[in-house]
Amino acid sequence: MTSAPGPRPSAARHRPWPWCRQCTGIALDLGSARTRAWMSGRRSILDVPTVTVPGHSATHPVQRGTIVDTPGTARMLNRLLGHRLARSGRPLLILTTPVLGGITYRAEARTAVEVLRPRTVLTVPTARAVAVAADSDPTRPLLVLDIGAHLTEVTLLADGAVTDARHTALGTSDLGTGDLEGRTPAARLTDAVDAMVTAMLDQDRTSQTLDALQRGVLLAGGGALRPDIADHLSRRLRAPVRSVPSPHTAAVRGAARLLQAAHAHPSATGIPDMAHPH
């Protein structure tokens, strides 16, 4: 005598991160001047000014790599992405962060993105996202120079992880005129970068920084769109300087690739080293 088969267990409505392959994904790069976002299912990158509201009353909620107005940042993100999300959707979100932003930046950023009702938020250092966008070899030391509108970061990556970093509150928005000593705008920025790289070389007890410098500096951010800056840097550092393709969107494109890799296979992103989930 055979017994009748019992009821089949009901399938889970929504598989948890990172094994849900059908969930909406968002890659987000919050810059001081521009905010860029990529959503799964879209080919283009959304690129808007980082302002609370458009028009003459606009204020800047992110300044010099710091979120100074968390509610304003949330309103901007809701205006940019809120209407693009399904009402019942809970997106998986990966957010680039300044390498030296620390816990405070991540906490403020996570508070701001809650307006998008994310299921999970992961953070990745901007330098690592840039390296991913450039298809750099993660097994070899790499110096990433990210020149934004208000912040410039130099980061040493080894085995894909941040091992040293420096930043300066100087960017392309500060390069309008020369200074009192007659230095050109590009020279001012070059001086700052040279000082940061020199400090990294002096404090490195290994050969990683020197090896990375000799291989060449990977340049990203809006500053990479200025040929005079790359030329000055190469001569001052006495090392090759190469720009990642479409350098102003490299960070968000790298974050998008990490997000896509996580959808395809959880281990592909190296999540424990990359991010800090809720």
Side-chain angles (χ1 to χ4, degrees), residues 17-18 21 23-50 62 65 76-77 80-81 84-85 91-99 101 106 109 113 116 118 120-138 142-155 157 160-162 165 171-172 216-226 229-230 241-266 268-271 273-275:
W17 174 267
R21 302 188 182 187
C23 303
T24 299
I26 299 175
L28 184 63
D29 179 37
L30 280 172
S32 299
R34 310 285 301 184
T35 289
R36 298 176 174 99
W38 175 89
M39 296 181 66
S40 55
R42 292 183 61 94
R43 294 185 178 181
S44 60
I45 293 173
L46 301 170
D47 187 340
V48 299
T50 305
V62 182
M76 177 196 67
L77 292 175
L80 174 64
L81 298 170
R84 303 177 190 273
L85 297 171
L92 310 174
L93 191 148
I94 182 167
L95 173 73
T96 66
T97 62
V99 177
R106 292 196 297 269
V113 301
L116 303 177
T120 301
V121 179
L122 299 174
T123 61
V124 58
T126 298
R128 184 177 174 191
V130 168
V132 169
D135 289 317
S136 297
D137 182 355
L142 177 67
L143 272 176
V144 178
L145 174 58
D146 183 16
I147 304 176
H150 299 154
L151 187 72
T152 296
E153 293 185 312
V154 181
T155 306
L157 298 175
V162 175
T172 56
V217 177
L218 182 63
L219 184 59
L225 298 174
R226 294 186 49 157
I229 291 179
V241 175
R242 65 183 181 92
S243 296
V244 63
S246 301
H248 56 303
T249 61
V252 72
R253 288 186 290 107
R257 289 182 62 175
L258 288 169
L259 185 63
Q260 291 171 312
H263 277 294
H265 196 287
T269 57
I271 285 175
D273 294 330
M274 176 186 75

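In this structure, L218 and S136 have side chains that are in contact, with non-hydrogen atoms separated by less than 4.5 Å. Using a 4.5 Å heavy-atom cutoff, the side chains of L122 and V124 are not in contact. Side-chain contact between M39 and L85 is present, with heavy atoms from C-beta onward closer than 4.5 Å. Contact check for R84 versus L46: side-chain heavy atoms found under the 4.5 Å cut-off.
Shown here are the side chain to side chain donor-acceptor pair (under 3.5 Å) partners of D47, two or more places apart in sequence or in another chain: R34, R36. Take T50 and apply the side-chain contact (heavy atoms from CB on, under 4.5 Å) test, not counting sequence neighbours, and it matches T35, P61, V62, M76. Qualifying side-chain contact (heavy atoms from CB on, under 4.5 Å) partners for R253, counting only residues two or more places apart in sequence or in other chains: I45, A133, S246, T249, A250.
One finds the CD1 atom of I94 at 12.5 Å from the CZ atom of R257 (value rounded to the nearest 0.5 Å). In this structure, OG1 in T97 is found 10.0 Å from CG in D29, a value given to the nearest 0.5 Å. Rounding to the nearest 0.5 angstrom, the gap separating the CD1 atom in I26 from the CG atom in L80 is 9.0 Å. Rounding to the nearest 0.5 Å places CG of L219 at 12.0 Å from CG of L143. The distance from the CG atom of D146 to the CG atom of L151 is 7.5 Å, given to the nearest 0.5 Å.
What you find for A109 and L95 is that their closest heavy atoms are CB-CD2, 3.3 Å. In terms of heavy atoms, A220 sits closest to V130 at CB-CG1, 3.6 Å. When every heavy atom of A33 is checked against every heavy atom of A149, the shortest pair comes out as CB-CB, 3.5 Å. Minimum interatomic distance between L225 and P247 (heavy atoms only, all atoms of both residues): CD2-CG, 3.6 Å. For A251 against A129, the heavy-atom pair with the smallest separation is O-CB, 3.4 Å. When every heavy atom of T152 is checked against every heavy atom of G148, the shortest pair comes out as OG1-N, 4.5 Å.
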Could you go through V217 and R242, starting from their C-alpha distance and side-chain angles, then the distance that decides it, and tell me whether this counts as side-chain contact (heavy atoms from CB on, under 4.5 Å)?
CA-CA 6 Å; V217 177; R242 65 183 181 92; over 6 Å; no
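Checked options L77, V252, T96; the residue passing with L28 is L77 (criterion: side-chain contact (heavy atoms from CB on, under 4.5 Å)).
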